[in-house]
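I have placed the structure first, in the form of structure tokens, so that the comments after it can refer back to it.
Remember, predicted model here, so these are calculated numbers, not experimental data. First listed ligand is number 1; within each ligand, the first listed atom is number 1.
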Amino acid sequence: MTKKGIVWFKTDLRLHDNETLIKAIEENDAIIPIYCINPQELNESNGKVERIGDFRLKFLLESIAELDTNLRKLGSGLLLLVGNPLEEIPKIAFKYSARKVYAKREVAIFEKQLNVQMEQELWKQKCLFEEYSTSTLYLATDLPFSLKDIPEVFTNFRKRVEKETEIRAVFDDPEHIISPTIPALNLPTFEELGRQEKQTEGRGVLLFKGGENEALERLNYYLFESHLIKKYKETRNGLVGGNYSSKFSPWLANGCVSARMIYAEIKKYEAEFGANESTYWLIFELIWRDYFRFIFKKHQHKLFAFNGISGQKNTPPKPNFSLIQNWKTGKTGNDFIDANMNELRLTGFMSNRGRQNVASYFIHEMQQDWRIGARYFEEQLIDYDASSNWGNWAYLAGVGNDPRSGRQFNIEKQAKDYDPVNEYRNLWLS
Ligand SMILES: Cc1cc2nc3c(=O)[nH]c(=O)nc-3n(C[C@H](O)[C@H](O)[C@H](O)COP(=O)(O)OP(=O)(O)OC[C@H]3O[C@@H](n4cnc5c(N)ncnc54)[C@H](O)[C@@H]3O)c2cc1C
């Protein structure tokens with residue numbers, strides 16, 4: 001009997017360095033790659049916030065389409081399911097008599113629960129469920145400490161992992177995939193998903209397009225074509241244009257590129273053109289990304305709570321909806337904050353410098369519940385990922401992993417330092 005396995009793609013929309021896919025190919029005679037769009041999750045409202053905003057949705061649909069194209073080049077294709085994955089995936093497992101479903105291991109609570117429930121549902125028909133960690137640089141199992149002992153201070157974490165843990169090599173791309181005939185991809189349109197596609201905003205830092213090919217092109221551009229990586233440490237606090245930072249985040253968030261692939265390419269670059277502080281600094285930032293993931297694994301739902309992991313017992317302030325609305329729509333009256341919030345609302349992206357300032361303003365000057373700001377970012381950001389977003393917000397609110405506890409930025413000084421001739425503010429306040 002032919003052994004069949006299902007690969008459930010989620011935020012790992014790529015063929016390269018994808019252990020989930022490789023293991024499924026190795027262990028089966030044929031595989032069925034699937035993606036499940038859950039309309040309820042797309043449109044789930046949390047107060048006045050959608051879970052997946054229009055920019056992120058567009059990027060996601062593009063990434064799915066490209067994954068299908070790339071799979072077809074290898075003899076397979078992506079089977080698109082629309083509905084609740086807990087119902088749709090077991091149906092497909094039954095239809096194809098699949099023996100195992102392979103999927104990405106999750107860290108955030110909702111996604112983790114979904115995996116647990118999926119395993120239970122599949123087991124009802126004796127189908128196994130197996131997870132692989134595919135999003136971090138370091139594997140949790142390779143860390144020099146157990147999950148409960150992960151240091152609460154980033155520097156302590158980084159120093160030990162850099163010294164004691166190897167980053168594993170990337171998995172090779174599959175050369176050929178055997179699958180049953182997969183029907184042509186029929187992606188739902190924005191309208192079918194109850195949305196209206198937004199106009200592209202020419203002032204944005206990049207015309208982001210989802211997909212593995214675009215991710216690898218951007219990686220190649222940032223390193224080997226433009227050599228921008230050589231100056232990353234000096235430019236990374238910029239605000240205008242595509243070149244001040246890598247802009248890898250939307251592709252990383254959707255798994256169109258793996259963090260390990262970026263690391264491997266940086267190492268190649270360093271071997272050819274030399275290493276400097278900047279080439280290292282991009283790796284340093286990817287370690288931050290890992291850190292927030294591991295901290296999420298350790299503290300789970302606490303990072304969604306007002307007091308975070310601080311142990312404080314403070315009561316959240318009553319929301320001032322008109323202040324919050326002004327913040328969202330770029331009408332606070334503080335020109336640096338307003339410019340950043342306009343960029344976010346109109347493009348789905350904001351620089352790291354901008355994010356720190358608008359979050360600090362929301363928490364410390366507007367004195368609002370940081371979780372409302374984090375939820376708005378969740379809706380808007382094209383690169384939203386639970387660990388990086390909630391981890392950074394909690395950090396700035398002083399209830400996360402910050403030894404200095406609660407960072408209040410001097411917004412006027414920040415504007416002067418990072419936007420000295422008003423280039424950024426002129427761009428986004430016009
Ligand atoms: C309040 C707040 C919310 C944030 N929400 C998100 C989010 O939802 N998704 C997200 O990917 N990043 C988030 N970040 C981190 C950071 O702002 C973005 O990763 C970065 O701006 C993306 O641009 P880039 O790819 O050009 O980054 P680069 O400066 O080129 O950095 C390279 C990569 O390193 C990682 N990285 C850099 N800075 C951080 C950081 N502070 N925390 C975690 N990873 C980092 C990212 O994966 C990034 O793509 C947030 C930061 C703040 C202050």
L252 neighbourhood, listing ligand 1 atoms whose heavy-atom distance to it stays under 4.0 Å: 47 (O), 49 (O)
For Y384, take its heavy atoms, then give the atoms of ligand 1 lying under 4.0 Å from any of them. 8 (O)
Once you round to the nearest 0.5 Å, how far does CD of E191 lie from CG of L193? 9.0 Å
Sub-4.0 Å heavy-atom approach of K247 to ligand 1: yes
Kindly identify the option in F248, Y222, Y232 whose heavy atom sits closest to atom 31 (O) of ligand 1. Y232
Write out the residue and atom name of the closest protein heavy atom to atom 30 (O) of ligand 1, then the distance separating them to 0.1 Å. S246 OG, 2.6 Å
Cation over ring, R353 on Y418, under 6.0 Å and within 45°? yes
Do me a favour and list the nearest non-hydrogen protein atom to atom 5 (N) of ligand 1 with residue, atom name and distance? N389 OD1, 3.2 Å
Only one of I64, D68, L185 clears side-chain contact (heavy atoms from CB on, under 4.5 Å) with Y35; which? I64
Can you tell me how the ring of F362 sits relative to the ring of W327, calling it parallel under 30°, perpendicular over 60° and tilted otherwise? tilted
For ligand 1, the portion of R236 having any non-hydrogen atom under 4.0 Å away: neither
Verify, without hydrogens or angle tests, whether W251 (side chain) and K209 (backbone) share a donor-acceptor contact under 3.5 angstrom. yes
Side chain or backbone of F349 under 4.0 Å from ligand 1, or both, or neither, by non-hydrogen atoms? side chain
Given ring-ring contact (aromatic ring centres under 6.0 Å, His included), test F336 with W428 step by step and report yes or no. CA-CA 9 Å; F336 192 56; W428 288 106; over 10 Å; no
D383 contact mode with ligand 1 (heavy-atom cut-off under 4.0 Å): both
Mark up the atoms of ligand 1 that fall under 4.0 Å of a heavy atom belonging to L282, in ascending order. 30 (O), 31 (O), 32 (C)
If you have a sec, work out which protein heavy atom is nearest atom 18 (C) of ligand 1 and how many Å separate them, to one decimal? R355 NH1, 3.7 Å
Review item, side-chain donor-acceptor pairs of residues 239-246, under 3.5 Å, at least two apart:
{"residue": "N243", "atom": "OD1", "partner": "Y221", "partner atom": "OH", "Å": "3.4"}
{"residue": "S245", "atom": "OG", "partner": "K247", "partner atom": "NZ", "Å": "3.2"}
{"residue": "S246", "atom": "OG", "partner": "F248", "partner atom": "N", "Å": "3.2"}

Of the listed options (E285, E378, R353), which comes nearest to atom 34 (O) of ligand 1 when hydrogens are ignored and any heavy atom counts? E285
Tell me which protein heavy atom sits closest to atom 16 (C) of ligand 1, plus the residue, atom name and distance to 0.1 Å. N352 OD1, 3.4 Å
Flag for N70-N213: side-chain donor and acceptor within less than 3.5 Å: yes
Report yes or no: does a heavy atom of Y244 sit under 4.0 Å from some atom of ligand 1? no
Option of least heavy-atom distance to atom 44 (N) of ligand 1 (set: R289, K233, R218, M350): R289
Distance under 4.0 Å to a non-hydrogen atom of Q356: what atoms of ligand 1 satisfy this? 53 (C)
Which atoms of ligand 1 are found less than 4.0 Å from any heavy atom of D385? 7 (C), 8 (O), 9 (N), 10 (C), 11 (O)
In short, ring pair (Phe, Tyr, Trp, His ring centres under 6.0 Å) pairs touching residues 131-153 with sequence neighbours left out are F145-F157
Using a distance-only test with no angle check, is there a side-chain donor-acceptor pair under 3.5 angstrom linking E19 and Y102? no
Ranked by distance from atom 42 (N) of ligand 1, the top protein heavy atom is N392 ND2, 3.0 Å
The atoms of ligand 1 lying under 4.0 Å from a heavy atom of S249, numbered in the order shown, are 11 (O), 22 (C), 23 (O), 25 (O), 49 (O)
Can a side-chain donor-acceptor contact be found between T279 and E270 if the only test is distance below 3.5 angstrom? yes
Around atom CD of Q196, are there more than 12 heavy atoms from other residues, nucleotides or ligands closer than 6.0 Å? no
Going by the closest heavy atom to atom 33 (C) of ligand 1, which one wins out of L286, I283, T235? L286
